[in-house]
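When a ligand or atom number is given, it counts from 1 through the structure's own listing order.
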Amino acid sequence: MVKDIPQAITIDGPAGAGKSTVARELARRLGVFYLDTGAMYRALTLKAVRLGLNLEDASGLVDLARRTRIRLENHHSGTKVLLDGEDVSEAIRSPEVTNKTFYIARAGGVREIMVGWQREIGARQSIVIEGRDVGTVVFPEAARKFYLDADFEVRARRRIKELREKGKQVDEDSLKRELQERDHKDFTRAVGPLKVADDAVVIDTTPLTVDGTVDEILKHIKNGA
Ligand code: DC
């Protein structure tokens with residue numbers, strides 16, 4: 001990568017395709033900042049839920065975004081998410097936040113603000129950025145774009161494993177139902193829907209490990225994908 005000009009590598013894809021772990025490891029290997037855009041949408045959702053706001057009221061959510069500071073810090077132990085200075089890294093992963101983030105994600109005015117924050121971070125430094133619209137909307141000019149996908153069953157199993165490893169109780173049927181609903185909302189949102197950028201490299205991670213996926217991405221980068 002060119003040292004003086006910040007570059008963005010974008011990774012989009014559905015929930016459970018392995019984006020977060022892959023993006024974090026890729027950023028570590030390249031020595032650049034890892035930007036988890038989903039964490040921003042989740043953090044704002046958490047704030048709106050705590051305040052008891054009407055999640056159907058898009059203009060109220062835009063006002064909320066305007067008076068909110070979200071900061072992401074990368075540490076060895078993972079990404080620390082600071083919501084107005086409070087560490088909410090764990091709280092934003094709750095099932096309630098996971099299932100309510102779509103209200104924030106579908107509000108066009110909120111997305112504009114989020115995209116602005118993400119571009120500011122990308123203007124300061126090279127990044128690996130991960131989300132749903134990062135190659136299509138946030139950094140359409142990015143030189144390296146990837147779209148990670150995997151079979152539905154595999155994505156569901158990964159989520160189940162992740163939650164169980166954190167000691168959470170998981171009902172497999174409801175998790176699958178919720179994942180299906182999230183997929184539907186991600187693909188059909190009027191603004192910033194999940195789609196494959198024309199110039200993205202699509203990688204099916206179904207048979208791949210995290211390291212295998214990162215190796216594959218690095219191979220494309222070196223070959224000038
Ligand atoms: O990647 P994640 O599961 O943490 O994302 C949480 C939700 O945030 C996801 O269901 C959709 C939304 N999101 C979005 O709309 N745009 C992004 N760039 C990232 C996430």
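Residue contacts with ligand 1: R189 is included, with a non-hydrogen atom under 4.0 Å away.
The backbone N or O of I92 sits less than 3.5 Å from a side-chain atom of R42, completing a donor-acceptor pair. Of the possible donor and acceptor atoms, one in the side chain of D12 sits under 3.5 Å from a partner among the backbone N and O of D133. For the pair R158 (side chain) and A17 (backbone), a donor-acceptor distance under 3.5 Å is present. Using modelled atom types, no side-chain atom of R159 and backbone atom of L175 make a donor-acceptor pair closer than 3.5 Å. Put simply, the side chain of T213 never gets that close to the backbone of T205: no donor and acceptor are under 3.5 Å apart.
Below 3.5 Å of separation, one finds no N or O of K19 facing any N or O of ligand 1. Below 3.5 Å of separation, one finds no N or O of D36 facing any N or O of ligand 1.
In this structure, K161 places its NZ atom where only 12 or fewer heavy-atom neighbours from other residues, nucleotides or ligands lie under 6.0 Å away. Within 6.0 Å of atom CD in E112, 12 or fewer heavy atoms from other residues, nucleotides or ligands are found, so the atom counts as exposed in its surroundings.
Among all non-hydrogen protein atoms, the one lying nearest atom 20 (C) of ligand 1 is G38 CA, 3.5 Å. Protein heavy atom in closest approach to atom 12 (C) of ligand 1: A105 CB, 4.0 Å. In this structure, the protein non-hydrogen atom closest to atom 15 (O) of ligand 1 is R111 NH1, 2.8 Å. Ranking the protein heavy atoms by distance from atom 19 (C) of ligand 1 puts T37 OG1, 3.3 Å first. Atom 3 (O) of ligand 1 has R182 NH2, 2.5 Å as its closest protein atom, hydrogens excluded (heavy atom only).
Between D36 and the options R132, K80, R93, a salt bridge (Lys or Arg N to Asp or Glu O under 4.0 Å) holds for only R93. Of the residues I217, V128, L30, D211, the one that meets the side-chain contact (heavy atoms from CB on, under 4.5 Å) test with E25 is D211.
Contacts of R42 with ligand 1, taken as heavy-atom pairs under 4.0 Å, involve the side chain alone. Contacts with ligand 1 closer than 4.0 Å are made by heavy atoms of both the backbone and the side chain of R132. With a 4.0 Å heavy-atom cut-off, ligand 1 is reached by no atom of M114. Residue-level proximity to ligand 1 for D186 is carried by the side chain, the only part with a heavy atom below 4.0 angstrom. Under 4.0 Å from ligand 1, not a single heavy atom of K185 appears.
Counting the atoms of ligand 1 from 1 in the order shown, those under 4.0 Å from a heavy atom of T101 are 7 (C), 8 (O).
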